[in-house]
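Scroll down for the structure; my scribbles are underneath it.
It should be emphasised that the depicted structure is a prediction, and the values quoted were computed from it without experimental measurement.
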Amino acid sequence: MSKTAMPNSSVDSFASTKENSWVTDRAWVCGVIGALTLLLLAYWYNRADLLNTGVSIFGVQLTDNRLDSILAAVFMSSLAMLVAEFVRLWLRDKSNFFVVDPLLTSKQYGVFLTRAVSNYLLFLLALWLVVVFFHTAGEYGFRRQEPFYRGWFRFLDLALTAYIWAGLPYVLITRAVKYNPDADQRDTSSLLSKLMLYPVGRLSGISALRPDFTEYDKKIARALLVKMFFTPLMTVFFVDQFPHLVANVGYLLDTLPQNILKDVYTHRAFNRDFFNISVALIFSIDVALAWCGYVVSSRWVDNQTISAEPSMLGWMVTIICYPPFQMVLGLYYASPGEREVLRFANQYAVSIFTIMMVSSYVVYMSATLWFGVRFSNLTNRGIIRKGPFALIRHPAYASKNFAWWCVMFPAIIYNASHTGIELALMQTLGLVLTTWIYYMRAITEERHLSADPQYLEYCKQVKYRFIPGVI
């Protein structure tokens, strides 16, 4: 789900109480807790030098290398989010939060156990197939031992090991006391069981063994593709960003005060620091929250996928904004880089443009925060109508593009006077093209979501897409 409003996965979430309170109205709580947890972790990591010494809790050494320590940070911030959302949903509806499986109430223990174990094994098979795919797909460079996706492969190893040991207890407990037949239809194991049964039916000629693939199965397959594309990216983005956040904590607490006291701190240095520190802070939080949304889909936190983008156009305009496609097409090389604004001689102008950019990025990050554990591109996992979504339908797209125009267009004007009008025109075209792609992302998402009457109701409340009162 991109950062646009999405219909909620709960049947009764749209108007579940007399006050017409939606289950996602306070989804921001777990987002805030995740963000605060990450900031506390960055402080702890810096003060205790955990990136170099490893993470130790209550005398137990959890990690002994830099990569595992970085992954531990995103695990802990995600755990804080999940616990917060679990508690919030439980407090919201204690009487209906736990639902015992009818097989247990009717004492059909053998059937229950068989289904639970089968579910566990199918999930394990799915995870193993995912590991095999990424180990053999040339783009991810596992065999070449390329460093870019090293964090992703380490996470896959940890995830597979964790599920082997903890997956069965999780499945047993979940199916026992969190019964939800609708959620069962959306499980990846449901699709896998049909895929395994289909060749048996074909070879045997027994029509009864040929499963019917429903619209639910198509949604499951598309949702799985979303996870497979975005989770590696969010993992490597976090591995890259979090050490900068940790280093910035030390700079703010130690180096910066010394420079100010020595009277060697300049306006140019302030602009540079404000730019670098703000970007590292905002995108570390944004990626960490998004990572949790992509990795975890669970009925315990009500964030299972209802549907995924069905159109090829919707997929194209989304994935073109991410590696490797953005690099192949050169979208972000056609326009000047964000940092070029720092080259301006007038430092007051740099301050103004940078502050406008950072303010826009804060709005962008807040859109992710308001989703909480429900964030995901290209999917429908729950409508958000509070925070920035109460003003416009696509606050992340609008704010991100405004941020780019704040720092890139002034650089284009600068280049026009120093390099030549031809380069400036090409860079302007690149910036316009990027903005158009995000506009198309918004349009295709709305087409996808308009099949849901809940989203149509949201659109009646929030009429503007990008600018309040304008468009």
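- When side chains are defined from C-beta on, F402 counts as touching C406, because their heavy atoms get closer than 4.5 Å.
- The number of heavy atoms from other shown groups lying within 6.0 Å of CE (M316) does not exceed 12.
- Here the side chains of N380 and Y455 are not in contact, with every heavy-atom distance at 4.5 Å or above.
- Interatomic distance, OG of S351 versus CZ of F274, reported as 8.5 Å (0.5 Å rounding).
- To the nearest 0.5 Å, atoms CE (M76) and CG (L71) are separated by 10.5 Å.
- By the 6.0 Å contact criterion, CD1 on I57 is enclosed, its count of non-hydrogen atoms from other residues, nucleotides or ligands being greater than 12.
- By the neighbour-count criterion of 12 heavy atoms within 6.0 Å, atom CZ of R143 is sparsely surrounded, having that number or fewer from other residues, nucleotides or ligands.
- With no hydrogens or angles considered, a side-chain donor-acceptor pair links W300 and T174 at under 3.5 Å.
- Looking at residues two or more places apart in sequence or on another chain, you find no ring pair (Phe, Tyr, Trp, His ring centres under 6.0 Å) involving F123.
- For F344, the CZ atom sits in a packed shell: over 12 heavy atoms of surrounding residues, nucleotides or ligands are nearer than 6.0 Å.
- When the side-chain contact (heavy atoms from CB on, under 4.5 Å) test is applied to V236, the partners found at least two apart in sequence or on another chain are F148, Y149, W152.
- When atom types are taken as modelled, the side chain of T63 and the backbone of V55 share a donor-acceptor pair closer than 3.5 angstrom.
- A heavy-atom distance below 4.5 Å is not found between the side chains of F275 and F353.
- Under the 3.5 Å distance criterion, the side-chain polar atoms of R144 are matched with a main-chain donor or acceptor of G138.
- Heavy-atom minimum distance, S399 versus P395: OG-O, 2.7 Å.
- Between the T266 side chain and the A269 main chain, a donor and an acceptor come within less than 3.5 Å of each other.
- Side-chain atoms of S297 and K227 form a donor-acceptor pair, as typed in the model, at a separation below 3.5 Å.
- Atom OH of Y251 and atom CG of L256 lie 5.0 Å apart (nearest 0.5 Å).
- In this structure the side chain of R92 never reaches within 4.5 angstrom of the side chain of R26, judged on heavy atoms.
- Ring pair Y120/Y163: centre-to-centre distance below 6.0 Å.
- Contact annotation: the side chain of L158 approaches that of F75 to within less than 4.5 Å [non-hydrogen atoms, C-beta and beyond].
- Shown here are the ring pair (Phe, Tyr, Trp, His ring centres under 6.0 Å) partners of F133, two or more places apart in sequence or in another chain: there are none.
- Rounding to the nearest 0.5 angstrom, the gap separating the CG atom in L51 from the CG atom in D68 is 11.5 Å.
- Judged purely by atom type and a 3.5 angstrom limit, D286 has no side-chain atom pairing as donor or acceptor with the backbone of I282.
- Residue S307 forms a side-chain hydrogen bond (donor to acceptor under 3.5 Å, both in side chains) with just one option from H448, R381, R222, and that option is H448.
- At least one side-chain heavy atom of N377 sits less than 4.5 Å from a side-chain heavy atom of Y294.
- F371 has its ring centre less than 6.0 Å from the ring centre of F389.
- Counting heavy atoms from C-beta outward, Y439 and Y397 have side chains that stay 4.5 Å or more apart.
- Between R88 and D25, none of the side-chain N atoms (NZ, or NE/NH1/NH2) sits under 4.0 Å from a carboxylate O, so this pair counts as no salt bridge.
- A perpendicular orientation is assigned to the rings of Y364 and Y361, their planes being inclined by more than 60° (bins at 30° and 60°).
- N346 CG: more than 12 foreign heavy atoms inside a 6.0 Å radius.
- With sequence neighbours excluded, no residue satisfies salt bridge (charged side-chain N to carboxylate O under 4.0 Å, His left out) with E309.
- No donor-acceptor distance shorter than 3.5 angstrom exists from the side chain of Y45 to the backbone of L245, with no hydrogens or angles considered.
- No close placement of the F237 and F283 rings is indicated, their centers lying 6.0 Å or farther apart.
- Taking all atoms of both residues into account, the shortest heavy-atom contact from K219 to I306 is CD-O, 3.1 Å.
- Side-chain contact check for T354 and N271: no donor-acceptor pair (N or O, by modelled atom type) lies under 3.5 Å.
- You'll find the ring centres of W22 and Y458 outside the 6.0 Å limit.
- With Y438 as the aromatic partner, R441 meets the cation-pi criteria of under 6.0 angstrom to the ring centre and within 45 degrees of the ring axis.
- T231 is linked by a side-chain hydrogen bond (donor to acceptor under 3.5 Å, both in side chains) to nothing, counting only residues two or more places apart in sequence or in another chain.
- To the nearest 0.5 Å, atoms CH2 (W28) and CD1 (I384) are separated by 12.5 Å.
- Here the side chain of R299 pairs a donor or acceptor atom with the backbone of K178 at under 3.5 angstrom.
- Using the six-membered ring where Trp is involved, F155 and W291 have ring planes that are perpendicular, over 60° apart on the 30 and 60° scheme.
- Applying the ring pair (Phe, Tyr, Trp, His ring centres under 6.0 Å) rule to H267 yields the partners Y348; only residues at least two apart in sequence or on another chain are considered.
- Between F134 and Y140, the angle of the ring planes goes over 60°, which puts this pair in the perpendicular group of the 30/60° scheme.
- Proximity of a side-chain donor or acceptor of N46 to a complementary backbone N or O of V246 within less than 3.5 Å is detected.
- Remark: the backbone N or O of V296 is paired with a side-chain donor or acceptor of N303 at under 3.5 angstrom.
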